[in-house]
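One-based numbering along the sequence shown. Only this structure's heavy atoms are used, side chains among them; waters, hydrogens and symmetry mates stay out.
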Amino acid sequence: TISIITDIIAFFRLFYELYYQYDLEKLKKITQFRYEIKGKIAKLKATPYELILVTRFATILEIMQNVLMAKLALNNLSN
């Protein structure tokens, strides 16, 4: 569980960097990283409380991915 939360924190950092400075390689990395985190969550054997915590973080990952895609789409429209 701790490794998943550590990965999620790393995802937040990548999101922040990509949000303020577009980089195609970072975009690929953050997308791949999200799939890896979701895979770890799917295989996780933990207590119910840990599962609740991790799945809520997973929901935040999805929201952040959607925000990022919307921002990138808007940037492409304005260029």
Quiz prompt | Working for side chain to side chain contact (heavy atoms under 4.5 Å, CB included), residues Asp7 and Lys40 | solution = CA-CA 10 Å; Asp7 287 346; Lys40 287 181 181 181; 2.5 Å; yes
Quiz item: Is Lys38 reaching over with its side chain to a backbone N or O of Ala58, donor-acceptor style, under 3.5 angstrom?
Solution: no
Quiz item: From Leu27 CG over to Gln65 CD, what is the distance, rounded to the nearest 0.5 angstrom?
Solution: 7.5 Å
Quiz item: Would the number of heavy atoms belonging to other residues, nucleotides or ligands and lying under 6.0 Å from CD1 of Ile2 be above 12?
Solution: no
Self-check item: Greater than 12 external heavy atoms within 6.0 Å of Tyr19's OH
Solution: no
Self-check item: Test log, rule side chain to side chain contact (heavy atoms under 4.5 Å, CB included), inputs Lys28 and Leu24
Solution: CA-CA 6 Å; Lys28 290 178 186 176; Leu24 184 59; 4.1 Å; yes
Quiz prompt | Derivation of the side chain to side chain contact (heavy atoms under 4.5 Å, CB included) call for Glu62 and Arg34 | solution = CA-CA 8 Å; Glu62 294 301 315; Arg34 188 187 65 148; 3.1 Å; yes
Self-check item: Check: Leu68 and Leu72 side chains under 4.5 Å, non-hydrogen atoms
Solution: yes
Quiz item: With hydrophobic residues grouped by side-chain heavy-atom distances under 4.5 Å, do Ile5 and Tyr49 end up in a single group?
Solution: no
Practice problem: Flag yes if Ile52 and Ile8 sit in one hydrophobic cluster, no otherwise; membership is Ile, Leu, Val, Met, Phe, Trp, Tyr, and two members link when side-chain heavy atoms are under 4.5 Å apart. | Solution: no
Practice problem: For Glu50 and Thr47, indicate whether the former's side chain and the latter's backbone hold a donor-acceptor pair under 3.5 Å. | Solution: yes
Self-check item: Taking every non-hydrogen atom, the tightest pair across Ala46 and Thr1
Solution: CB-OG1, 4.0 Å
Quiz item: Do Met64 and Tyr20 share a hydrophobic cluster (ILVMFWY, side-chain heavy atoms under 4.5 Å, transitive)?
Solution: yes
Quiz item: Does Ile30 share a hydrophobic cluster with Tyr35, counting links as ILVMFWY side-chain heavy atoms below 4.5 Å and allowing steps through other members?
Solution: no
Exercise. Carefully, step by step, assess Phe57 and Ile4 under the rule side chain to side chain contact (heavy atoms under 4.5 Å, CB included).
Key: CA-CA 10 Å; Phe57 271 126; Ile4 292 172; over 6 Å; no
Quiz item: Mind checking whether Phe15 and Phe11 have ring centres under 6.0 Å apart?
Solution: no
Practice problem: Might you confirm whether atom NZ of Lys29 has over 12 heavy atoms from other residues, nucleotides or ligands at distances under 6.0 Å? | Solution: no
